[in-house]
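Throughout, protein chains are lettered first and strands after them, A, B, ... in sequence-line order, and every chain is numbered starting at 1.
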Amino acid sequence: MSEPRVIYWFRTDLRLHDSPALQAALDLDPATLWPIFTWDPHYVYRARGGLNRWQFLLDCQNDLSHAITRLNAKSKLFVLREAPQTLLPKLFKAWNVTHLVFEKDTDAYARERDEVVTRAAQEAGVEVIVRSGRTLWDSDQVVARNNGKPTMSISQLQAAGAKVGSIPRPIPAPSRLPDPGEMTLDFEQDPPVVQPDLNSDRRAESDTGYGQIAGPKGDFAIETMEELGFPSATTPHRGGESIALKRLGDIVDNHTYTATFEKPKTNPAQFEPQATTLLSPFLHFGALSVREFYWRVQDVVDSYPGKASSPPTSLTGQLLFRDMYFAAQAALGSVFAQTARNPCCRFIPWHLPSKRDPDTGLITGEYHVDSEQADAWFRRWKAGVTGFPWIDALMRQLRQEGWIHHLGRHSVACFLTRGGCYVDWERGCEVFEELLLDHEPACNAGNWQWLSCTAFFAQYYRCYSPTAFGQSWDKNGDFVRRWVPELKHLEAKYIYEPWTAPIQNQRRAGVRITGDGLTRREAGTYPKPMFDFAKQKAVCMSAMKKAYEIGLHGDDKAVLDGSWRSLFPSPDMADVTGESESGAEGRAGKNREVSTRGKRHASEASSQDGSKKQMRLSFGKQGRECHASK
DNA sequence: TTGCTGGTTGTCTAG
DNA sequence: GCTAGACAACCAGCA
């Protein structure tokens, strides 16, 4: 056999430290190794990405590229601008490749992509080597050890993980890299499918990213924000493996912080510096290995003389949650990120339900406006002008910096869904997908399901207050003053409920509480709250109770064919099927009706069926992993 | 089958 | 300022 000529395909593993896949490539002792990154149109056009996350990705790529060049002056991260499914088969031939090596990626799209690429490699006689390194344990093995079921609790994850084996220790970064070979491009570029472009409204200029496979100068350079048509990012958080390792080092040097960390006790209102590690964006891009993170922390915990915290609240516990969501996604595939067809996700007839592609059954990113009022609430939530300063501060920090504290995410997610607006969690999930630096499809969908009490968590009566919760952490409202400068000079006793401030106090603080935040917002004003929270909380709670009693899940026939309407008191309220346009107009203000009529309906149903468990409808068992036995 | 316990991260009020 | 208990009541796992 000829000497190995290896393509190492970087994807969500933009690092040199602790990369089992890169080590596997080097173990081949190749004569030639091309470190490449394919600029994949799927992520550029079909996944939502805000400016801040694009910048963070480019930071990670640049840092990795410099690190590669430090090991071999002839090498760097070579970026090729074409979909990997079409590009790699051409490269196999053009570069006379013998091996393709990459880290396993269990995201729904990534699996499909990698299957296509792997088949093409096999047809070209190229050996494919894949190693797991993105999670503590291989997610597919976790699922297998969880009886093929998605991991829906930390205890399930821990039990399955223990059966898979011990978490591998990190391996060192390589000390040398082989030369890259010739990089002839004697083939045509397959142009990307540009439409639909979910990121078009963020581009200030036209996207020239696909002008040439090797970039505008033909040197396989890393993309720039200008090349992609994006204006500058606004986040102060920068990416790259070197920053990640420095930050991790600083964290574990503080033994007390590392060993006694308890997530629920960290302050969501703390800023500059934040109360948590801010390492999640690095995990997302693979600029930091999760196993490296785990063992660096665990070693501190093991040697800590005092009482250390333990999972799930400890630092390593946070990583377990990440693995739990990854394994749940690995088991369920694409439907994990939506209600429809997801057997583990409860059906709640939220406002603003998603439209679905009738062919694939997957949500399209568009939604039905079943209530103009709910749509206005959603737009105000998204823009950070709800009139609730705690919520608005968080949403503005998210938009500006791409990061908010986990408990802040809880606050705004609860507020949008079961604890305020009664808007579909998929709407919030999409906004987070766009804005979060650390957006991880599995964790984002899982956390939205958790907070909306549709999966993982069920205590819907525990509801975050948009006023009291922030106040309990930050009595003076410094966090609000930082992000909602309109209220900067308001007295602390009014800062979380500015509408209660007498007009003289508003005048003294230089602010007037008026308007809806969306139309004709005048300088020196802050909007009125968009609803009476106590009332709206009661409406939501009652509606949740009703939906729990009915007990539908995303894969129930009644959910998929729209017949769920006959089971709910207000049958025209919302539509998760997305296939019917009926009932999509103007039903604002019916929430209260839902809650009061819901009680009657529930009691009728109970008396007919005898028990709540029997009330759960069961239509076909295929694919049921979470509630088939009910 | 029944009953109990625990579940990363709620709020409010009385004492 | 702190704590305990009420609020209203979910699910999964286990004995």
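Atom NE2 in His410(A) sits roughly 8 Å away from atom C1' in dT8(B) (whole-Å rounding). Spacing between atom CD of Gln459(A) and atom P of dT8(B) amounts to 9 Å, rounded to whole angstrom units. Distance NZ (Lys537(A)) to P (dA8(C)): 10 Å, rounded to an integer number of Å. Computed from coordinates, the Phe533(A) CZ to dG10(B) P distance equals 13 Å when rounded to whole Å. Between Met152(A) atom CE and dG7(B) atom P the separation is 18 Å, expressed in whole Å. If you measure from atom CZ of Phe457(A) to atom P of dT8(B), you get 9 Å, rounded to the nearest angstrom. If you measure from atom NE2 of His553(A) to atom P of dC10(C), you get 14 Å, rounded to the nearest angstrom. The CE atom of Met544(A) sits 22 Å away from the P atom of dC7(C) (whole-angstrom rounding).
Among the protein residues, Glu262(A) comes within range of no part of the nucleic acid, since none of its heavy atoms lies under 4.0 Å from any strand. Residue-level contact check: Phe321(A) touches the bases, meaning some heavy atom is under 4.0 Å from a base atom. Here Trp450(A) lies in heavy-atom contact (under 4.0 Å) with a base.
Comparing dG1(C), dA9(C), dT9(B) against the side chain of Pro264(A) picks out dT9(B) as the nearest. Closest contact between the side chain of Gln318(A) and the listed nucleotides dT8(B), dC12(B), dT9(B) involves dT8(B). Picking from dT9(B), dA9(C), dC11(C) the nucleotide with the shortest atom distance to the side chain of Tyr548(A) gives dC11(C). Listed nucleotides dT9(B), dA9(C), dG13(C) differ in distance to Arg462(A); the shortest reach to its side chain belongs to dT9(B). When distances are taken from the side chain of Tyr464(A) to each of dA9(C), dT9(B), dT8(B), the shortest belongs to dT9(B).
In terms of modelled atom types and a separation under 3.5 Å, the side chain of Asp323(A) and the main chain of Trp137(A) share a donor-acceptor contact. No donor-acceptor pair under 3.5 Å is formed between the side chain of Thr258(A) and the backbone N or O of His255(A).
Put simply, Tyr460(A) does not rest on the base of dC10(C): the two rings are not both less than 5.5 Å apart at their centres and under 30° in tilt.
With hydrogens and angles left out, the side-chain atoms of Arg291(A) and Thr135(A) include no donor and acceptor closer than 3.5 Å. Side-chain contact check for Trp350(A) and Thr339(A): no donor-acceptor pair (N or O, by modelled atom type) lies under 3.5 Å.
Of the residues listed (Phe388(A), Trp381(A), Tyr464(A)), the one engaging Phe415(A) in a ring pair (Phe, Tyr, Trp, His ring centres under 6.0 Å) is Phe388(A), and it is the only one.
The separation of dT8(B) from dT3(C), taken at their P atoms, amounts to 23 Å, rounded to a whole angstrom. Of the C1' atoms belonging to dG6(B) and dA9(C), the separation is 15 Å, rounded to the nearest Å. Comparing the C1' positions of dT1(B) and dA15(C) gives a spacing of 12 Å, expressed to the nearest Å. As rounded to the nearest Å, dA12(C) and dA8(C) have P atoms that lie 24 Å from one another.
Under the 6.0 Å distance and 45° angle rule, Arg346(A) counts as a cation-pi partner of Tyr548(A). For the pair Arg169(A) and Trp295(A), the cation-pi criterion (under 6.0 Å, within 45° of the ring axis) is fulfilled.
For dA9(C), the OP1/OP2 oxygens have a side-chain nitrogen or oxygen of Lys545(A) closer than 4.0 Å. For the OP1/OP2 pair of dC11(C) and a distance below 4.0 Å, the side-chain nitrogens and oxygens of Arg346(A) include at least one atom meeting the criterion.
Note on ring orientation: taking the six-membered ring where Trp is involved, the planes of Phe336(A) and Phe456(A) are perpendicular (angle over 60°, cut-offs 30° and 60°). Aromatic ring pairs are classed by plane angle as parallel below 30°, tilted from 30° to 60° and perpendicular above 60°; the pair Tyr367(A) and Phe378(A) is perpendicular.
Secondary-structure stems of DNA chain B, taken as three or more successive Watson-Crick or G-U wobble pairs (i with j, i+1 with j-1) under a 3.5 Å distance threshold, comprise B:2-7 with C:10-15, B:10-15 with C:2-7.
Each of Lys475(A) and Gln156(A) was assigned the nucleotide of DNA chain C with the nearest heavy atom; the assignment lying further toward the 5' end belongs to Lys475(A).
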